[in-house]
Asker: 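This is the structure I want to talk about, given as structure tokens.
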Amino acid sequence: MNIQLLKVDFFTQPTLELAQNLLGKLLLKETTDGLASGWIVETEAYIGPGDRAAHSFGNRRTKRTEVMFGPPGYVYTYVMHTHCLVNVVSGKIGHPEAVLIRAIEPASGIELMYDRRGHEKKEKDLTNGPGKLTKALGITREDYGLPMFEPPLYIAEGRAVKDVQSGPRIGIENSGEAKEYPWRYWEAGNRFVSR
DNA sequence: ATAAAGATCATCT
DNA sequence: GATGATCTTTATC
């Protein structure tokens, strides 16, 4: 496989466009155990200032959301229920926007994923959810703030996506009107998409 | 006061 | 049984 890392300016496009263009891209993570990667098949956009569902809502700037205010192309990891979630920071400096990676399709290092997730599981269950893919790839809060265009955690050119669908996001029922925003994108027909 | 970390409970598989 | 942009508690500044 010829891995072609994405250029830095790929991340400078508008968040909603980036969320769509990330589909089909290859997400890679290198650890001491080896390399694991997968194609991104599902994403969600979070635009801080006007998005109640975002941690950076209302330009709330803290040490925790700090990375989202910085330049795009960086990793924003968040721990929830002992599970870890990954985001790709987007928007220019001062704009707390990010794209949540909800699901990927295993590409390489699959054995590694089975070791982390459990050999009895089906391939589909390895990465079809935010908390799942982070565990499968070995992404932890330690990866917070790392650049997404160089090892050990980075994104490269992947496959062309046939059809992109969009719709309301998931798991943010208590976010008021923001829950209606169709900022969730996924590859149509891909079985690795959650739900 | 703010941030990080661990837990609980409803929902889906 | 597993998962999840939450919630509560404790640690740090």
Side-chain angles (χ1 to χ4, degrees), chain A residues 11 15-16 18-20 22-23 27 36 38 40-70 72-91 95-106 110 112-146 148 153 166-186 189-195:
Chain A
F11 299 98
T15 299
L16 293 181
L18 179 65
Q20 298 177 58
L22 275 175
L23 293 176
L27 176 66
I40 299 173
V41 296
E42 185 179 1
T43 62
E44 274 184 17
Y46 282 87
I47 300 180
D51 190 352
R52 268 195 68 132
H55 294 150
S56 52
F57 171 66
N59 280 314
R60 175 182 168 77
R61 180 169 191 164
T62 64
K63 197 172 183 181
R64 183 170 162 192
T65 61
E66 180 70 30
V67 67
M68 285 198 280
F69 287 85
Y74 283 76
V75 184
Y76 172 52
T77 54
Y78 176 73
V79 183
M80 166 192 184
H81 293 60
T82 73
H83 296 298
C84 199
L85 285 64
V86 228
N87 298 257
V88 178
V89 176
S90 61
H95 294 256
E97 304 174 8
V99 177
L100 168 67
I101 299 176
R102 283 196 63 87
I104 64 175
E105 177 180 342
I110 296 182
L112 207 51
M113 297 187 199
Y114 271 110
D115 284 340
R116 292 164 175 155
R117 299 274 305 133
H119 286 265
E120 29 185 88
K121 300 202 181 317
K122 296 182 179 180
E123 184 177 23
K124 156 183 178 182
D125 292 319
L126 290 174
T127 58
N128 67 335
K132 300 179 185 179
L133 73 91
T134 55
K135 188 175 180 183
L137 292 184
I139 297 174
T140 67
R141 205 197 158 288
E142 300 299 312
D143 297 312
Y144 177 92
L146 292 178
M148 285 260 359
L153 179 59
S166 63
R169 289 171 295 177
I170 296 175
I172 54 175
E173 292 303 312
N174 56 343
S175 299
E177 51 197 28
K179 72 181 181 185
E180 300 172 9
Y181 301 165
W183 289 348
R184 171 175 174 244
Y185 301 95
W186 68 93
N190 191 298
R191 65 178 187 281
F192 290 96
V193 172
S194 65
R195 276 207 166 182

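Order of the sequence lines fixes the chain letters, A, B, ..., with proteins taken first and strands second; residue numbering starts at 1 for each chain.
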Asker: Can you tell me if A/D51 uses its side chain to pair, donor with acceptor, with the backbone of A/Y46 under 3.5 Å?
Answerer: no

Asker: Between A/Y144 and A/R64, is a side-chain hydrogen bond (donor to acceptor under 3.5 Å, both in side chains) present by the stated rule, with each step listed?
Answerer: CA-CA 9 Å; A/Y144 177 92; A/R64 183 170 162 192; over 6 Å; no

Asker: Atom NZ in A/K135, atom OG1 in A/T82: separation rounded to 0.5 Å?
Answerer: 8.5 Å

Asker: Whole angstrom is fine here: how far is it from CG in A/N87 over to P in C/dG4?
Answerer: 13 Å

Asker: Can you tell me the distance, in whole Å, between the OH atom of A/Y144 and the P atom of C/dA5?
Answerer: 19 Å

Asker: What is the distance, to the nearest angstrom, from the CD atom on A/E44 to the C1' atom on C/dA5?
Answerer: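 About 8 Å, once rounded to whole Å.
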
Asker: Give me the one residue out of A/V41, A/V193, A/L126, A/L133 that meets side-chain contact (heavy atoms from CB on, under 4.5 Å) with A/E105.
Answerer: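 Of the listed options, the one satisfying the test is A/V41.
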
Asker: Just the dot-bracket of DNA chain C, please: which string comes out with Watson-Crick or G-U pairs under 3.5 Å, [ ] for crossing, | for another strand?
Answerer: ||||.|||||||.

Asker: Where does the angle between the aromatic ring planes of A/Y114 and A/H119 fall among parallel (under 30°), tilted (30 to 60°) and perpendicular (over 60°)?
Answerer: parallel

Asker: Under 4.0 Å between any heavy atoms, over every strand shown, what does A/F57 touch: base, sugar-phosphate, or nothing? Just pick one.
Answerer: nothing

Asker: May I ask you to decide if A/R60's main-chain N or O and A/T65's side chain share a donor-acceptor pair within less than 3.5 Å?
Answerer: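 Present.
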
Asker: In whole Å, I'd like the distance from the CG atom of A/L133 to the P atom of C/dT3.
Answerer: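 So the two atoms are 12 Å apart, to the nearest Å.
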
Asker: Rounded to whole Å, please give me the gap between CD in A/E66 and P in C/dC13.
Answerer: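 Between P of C/dC13 and CD of A/E66: 17 Å.
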
Asker: Using atom CD of A/E120 as one end and atom C1' of B/dT13 as the other, report the distance to the nearest whole Å.
Answerer: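 Atom-to-atom, A/E120 to B/dT13, this comes out as 15 Å.
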
Asker: When only distance counts, do a donor and an acceptor, one from the side chain of A/D125 and one from the base of C/dA2, lie under 3.5 Å apart?
Answerer: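 No.
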
Asker: Please step through side chain to side chain contact (heavy atoms under 4.5 Å, CB included) for the pair A/W183 and A/I47, ending with a clear verdict.
Answerer: CA-CA 10 Å; A/W183 289 348; A/I47 300 180; 4.1 Å; yes

Asker: Would you indicate, yes or no, if C/dT3 has its OP1 or OP2 atom less than 4.0 angstrom from a side-chain nitrogen or oxygen of A/R117?
Answerer: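 True: A/R117 side-chain N/O within range (under 4.0 Å) of C/dT3 OP1/OP2.
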
Asker: Got a donor-acceptor contact below 3.5 angstrom from the A/T15 side chain to the A/A45 backbone?
Answerer: no

Asker: Quick check: are there more than 12 heavy atoms from other residues, nucleotides or ligands sitting under 6.0 Å from CZ of A/R61?
Answerer: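 Atom CZ in A/R61 is crowded, with more than 12 foreign heavy atoms closer than 6.0 Å.
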
Asker: Pairs under 3.5 angstrom, nitrogen or oxygen only, protein versus nucleotides 3-6 of chain B, please.
Answerer:
| from | atom 1 | to | atom 2 | distance (Å) |
| --- | --- | --- | --- | --- |
| B/dA3 | OP1 | A/K63 | N | 2.9 |
| B/dA5 | OP2 | A/R141 | NE | 3.0 |

